[in-house]
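This report refers to the structure that appears directly beneath it.
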Amino acid sequence: LWPWLLASSGLSALVQLVTLPFFPDSPSYLLIQKGNEEACRKAIRKLWGEGDHQAEIDDILKEKGAMASTKTLRVLEVIKERSLRWQLYILITVMTTLQLCGINAIYFYSFEVFHTAKFEEYLIPYVSLGVGLCECLSSILCSTLIDRFGRKVLLWGGYLLMCSVLALLTMTLSLQHRFFWMHYFSVILIFLFVVFYGIGP
């Protein structure tokens, strides 16, 4: 079954490859990059139907004017630019915490935790698949929550909950030889960690 599951991702890529030529180009790309207003109007009509779309075209033209007056900076210039210093710090912090938050360790050791929890060998791959499905569903949930709560709240909340879960998981893994039910608690914590990772970072 696993070879079929791995090959299934190729199906969506094949669908995209076949249907891509039938999709119109982005109106903003056609107007800003190509400078072709007629093709832009045609793409807008294809995307949004017939009607007066002059307001959308005016917005794209404003964006084009703003981009023309903005200087493109090289990497070293971005680092040296004082006005961008805080944005750069925030970006580096977010990306570093994303890499070091522990999600890779959770995925790497989850098989061992499931095995210790006395799951049958044939069930462990499906439980691991459930972990991945949890991340996918929580990412979809995040897209609906982000408009309501904002990115900052989800980031802080996600990291805070992930830290709490990791602390509890460390405790349950340390005590799993004393209490038989700790194994199952560890499995629940793994699922919770993945959910909080999908909602937060």
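Model, not experiment: these values are computed from the prediction.
Val153 is not connected to Trp156 by any chain of hydrophobic side-chain contacts under 4.5 Å among Ile, Leu, Val, Met, Phe, Trp and Tyr, and they are in different clusters. Following chains of ILVMFWY side-chain contacts shorter than 4.5 Å, one cannot reach Leu160 starting from Met162, and the two form parts of different hydrophobic clusters. Note on Phe179 and Val113: same hydrophobic cluster, where clusters join Ile, Leu, Val, Met, Phe, Trp and Tyr whose side-chain heavy atoms are under 4.5 Å apart, directly or indirectly. Tracing side-chain contacts under 4.5 Å through hydrophobic residues (I, L, V, M, F, W, Y), one never reaches Leu137 starting from Ile188; they form parts of separate clusters. In this structure, Met171 is a member of the same hydrophobic cluster as Leu166, with clusters built from ILVMFWY side-chain heavy atoms closer than 4.5 Å.
Between Cys101 and Tyr159 the shortest heavy-atom distance is CB-CE2, 4.1 Å. Minimum interatomic distance between Gln87 and Ser83 (heavy atoms only, all atoms of both residues): OE1-O, 3.2 Å. Residue Ser186 comes nearest to Leu169 through the heavy atom pair O-CD1, 3.7 Å, listed as atom of the first residue, atom of the second, then distance. Of all non-hydrogen atoms in Lys80 and Arg85, the two that sit nearest each other are O-NH2, 3.2 Å. Annotation for Lys46 and Pro24: closest pair CD-CB, 3.9 Å, computed over non-hydrogen atoms. Of all heavy-atom pairs between Cys134 and Val195, the closest is SG-CG2, 4.1 Å.
Checked options Leu154, Val194, Leu161; the residue passing with Ile199 is Leu154 (criterion: side chain to side chain contact (heavy atoms under 4.5 Å, CB included)).
Once rounded to the nearest 0.5 Å, the distance linking CG of Leu88 with OG1 of Thr93 reads 9.0 Å. In this structure, OG in Ser164 is found 11.0 Å from CG in Leu192, a value given to the nearest 0.5 Å. From Leu47, atom CG reaches atom CG of Asp25 across 10.0 Å, with rounding to the nearest 0.5 Å. How far OH of Tyr126 is from CD of Glu120: 13.5 Å, rounded to the nearest 0.5 Å. From Phe196, atom CZ reaches atom CG of Leu189 across 9.5 Å, with rounding to the nearest 0.5 Å. Rounded to the nearest 0.5 angstrom, Leu91 CG and Leu84 CG are separated by 11.0 Å.
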Original post:
Do Phe114 and Val131 pass the side-chain contact (heavy atoms from CB on, under 4.5 Å) test, and can you show the C-alpha distance, the side-chain angles, and the key distance before you say yes or no?
Top reply: CA-CA 11 Å; Phe114 297 150; Val131 172; 3.8 Å; yes
**OP:** Report the C-alpha separation of Cys40 and Ile44 in whole Å, then their side-chain angles, then the decisive distance to 0.1 Å, and conclude whether the side-chain contact (heavy atoms from CB on, under 4.5 Å) test is met.
**Re:** CA-CA 6 Å; Cys40 172; Ile44 286 175; 3.9 Å; yes
Original post:
Under the side-chain contact (heavy atoms from CB on, under 4.5 Å) criterion, do Phe111 and Val127 qualify, and how do the steps go?
Top reply: CA-CA 9 Å; Phe111 186 88; Val127 179; over 6 Å; no
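Looking only at side-chain heavy atoms (C-beta outward), Tyr29 and Asn36 stay at 4.5 Å or farther from each other.
At most 12 heavy atoms of other shown residues, nucleotides or ligands fall within 6.0 angstrom of atom CD in Glu112. Around OH of Tyr107, the count of heavy atoms belonging to other residues, nucleotides or ligands within 6.0 Å exceeds 12. Heavy atoms of other residues, nucleotides or ligands lying less than 6.0 angstrom from OH of Tyr109 number 12 at most.
Taking the six-membered ring where tryptophan is involved, the planes of His177 and His183 are perpendicular, since the angle between them exceeds 60° and thus also 30°.
Ring to ring, Tyr184 and Trp181 are not that close: their centroids are 6.0 angstrom or more apart.
Salt bridge Lys42/Glu38: absent, no basic N to carboxylate O contact under 4.0 Å.
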